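Chain identifiers are assigned alphabetically (A, B, ...) following the order of the sequence lines, protein sequences preceding nucleic acid strands; residue numbering begins at 1 within each chain. Because the structure is predicted, anything quoted here is derived from the model rather than measured.
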Amino acid sequence: MARLLFFGKLGDLAGGRLHERVLPDGVATVDQLIAAITAEDEALGEALAAPSVRFIVNEKMADAGVAISDSDEIAFLPPVSGG
Amino acid sequence: MARLLFFGKLGDLAGGRLHERVLPDGVATVDQLIAAITAEDEALGEALAAPSVRFIVNEKMADAGVAISDSDEIAFLPPVSGG
Amino acid sequence: MIRISDRAFDPGAELTAFEQNAANAGAIVSFLGRVRGKAGEADVSSLYLEHYAGVTEAMIAECERDVFARWNVDDVLIIHRIGNLNPGEPIVFVCVSAAHRREAFEAADFLMDYLKTKATFWKKEVRDDGEEWIEPRDEDYKDAARWREDE
Amino acid sequence: MIRISDRAFDPGAELTAFEQNAANAGAIVSFLGRVRGKAGEADVSSLYLEHYAGVTEAMIAECERDVFARWNVDDVLIIHRIGNLNPGEPIVFVCVSAAHRREAFEAADFLMDYLKTKATFWKKEVRDDGEEWIEPRDEDYKDAARWREDE
């Protein structure tokens with residue numbers, strides 16, 4: 001199963017930071033994952049598609065076109081606010 | 001008596017930070033005091049005349065032409081080095 | 001050293017320990033950031049902070065390596081809180097030791113800009129007028145951009 | 001607050017006390033300057049510091065008023081040693097609290113430039129190759145000049 005991580009306000013919208021799930025059929029990129037999530041939950045999907053959201057796949061910064069599979073950890077990061 | 005204060009390396013040259021003394025006859029300004037000291041102790045006088053030495057008379061910054069008398073505190077300040 | 005923890009810390013004690021380890025440094029700059037009790041007109045009752053465990057630490061470690069490459073500094077300490085915090089509590093503490101003060105000041109300033117605008121922390125304010133996930137202020141982005149122009 | 005003293009102090013404890021008094025400030029920057037054990041190739045065995053009692057305090061108080069006029073800072077602490085100091089001992093400790101970090105950083109940096117180039121302290125290094133009254137480095141004067149250009 002893929003590990004999906006949602007931080008900050010995205011975690012609130014997703015109802016939890018960590019979701020372990022099988023990627024939906026036909027989902028092979030982050031972009032496609034966001035589209036599939038939007039079909040399930042429009043508010044969350046739109047928040048994930050915001051230009052300010054960044055992606056980390058297997059602990060590396062990634063763009064929306066990067067290939068993903070059920071063995072990956074995919075993290076969605078809204079604008080940060082440390083310090 | 002005037003209170004003469006010599007700080008830093010000037011104190012070493014003067015053999016002490018505080019000298020209480022009657023101003024020599026004819027000494028009415030800082031410039032004249034330096035000239036009188038030079039006549040007594042050339043090394044100290046030359047050090048006091050260096051352009052980097054500043055004067056404080058009665059706790060206020062002063063220039064070499066300022067009037068002084070036996071009731072004054074006259075301080076000679078070489079370049080500072082705090083911190 | 002980097003320490004991210006959900007436990008409160010004592011900045012004075014941390015400075016003492018850092019100072020003792022940095023025996024030869026002439027200059028030590030520290031920055032302490034604390035939870036403010038006010039956000040505009042609203043009262044802040046608490047702050048909740050989360051991070052991406054493992055990834056956040058690795059990214060800060062890379063920033064720390066940048067600092068050592070860019071400035072002649074001896075040692076760096078970064079402590080950052082996560083979890084629930086009350087107003088007045090320390091959130092972040094950065095210490096930098098160096099032979100001379102300019103380097104220590106600049107490196108501490110740079111690290112704080114990184115932590116404010118790039119480190120992967122997320123912070124939610126719980127206020128009397130509601131909850132809000134905070135984003136950096138425009139001023140924070142401007143501060144962080146100073147270092148790019150320098151290069 | 002300004003404290004010039006011939007007694008050793010503990011920077012960590014001073015930061016703790018300062019922090020507790022500055023309950024509402026979000027940002028606290030501190031600078032600690034210590035006696036270095038080396039001056040170039042020579043070993044420093046001790047440092048002797050003197051000041052112009054009364055006058056030095058009054059001039060620093062004026063600088064402190066400038067800081068409050070120029071930056072939006074909450075509180076300032078300046079501790080400066082005089083007398084005989086050993087390598088590693090704290091000489092100077094400056095703390096500034098403010099709502100935001102930029103002001104705290106700038107004010108601390110400004111105060112240190114003042115203390116290094118304008119405050120009336122004199123410092124003699126006692127080294128294995130002799131004694132020397134120290135003067136500011138060119139770099140110190142350059143640092144101090146930054147604030148003039150700003151105005």
Worksheet item: Which bit of A/L5 comes within less than 4.5 Å of chain C, counting heavy atoms only: side chain, backbone, both or neither?
Response: side chain

Worksheet item: Should we count CD of C/E62 as having more than 12 external heavy atoms under 6.0 Å?
Response: no

Atom pair [atom1] ([X]) and [atom2] ([Y]), whose distance is rounded to the nearest 0.5 Å:
X: C/I134; Y: A/K9; atom1: CD1; atom2: NZ; result: 11.0 Å
X: C/R137; Y: A/S81; atom1: CZ; atom2: OG; result: 12.0 Å
X: C/K124; Y: A/D12; atom1: NZ; atom2: CG; result: 4.0 Å

Worksheet item: Hey, does C/K123 have a side-chain heavy atom less than 4.5 Å from the side chain of A/V80?
Response: no

Worksheet item: Do you know which of C/F121, C/Y52, C/Y114 has the most heavy-atom pairs under 4.5 Å to chain A?
Response: C/Y52

Response to the item:
One option among C/D140, C/I82, C/V55 has the most heavy-atom pairs under 4.5 Å with chain A, and it is C/V55

Side chain, backbone, both or neither of [X] within contact of chain A (heavy atoms, under 4.5 Å):
X: C/E135; value: both
X: C/T56; value: neither
X: C/W122; value: both

Item to complete: Say whether, by atom type as modelled, one donor and one acceptor occur between the side chain of C/H80 and the main chain of A/G82 under 3.5 angstrom.
Response: no

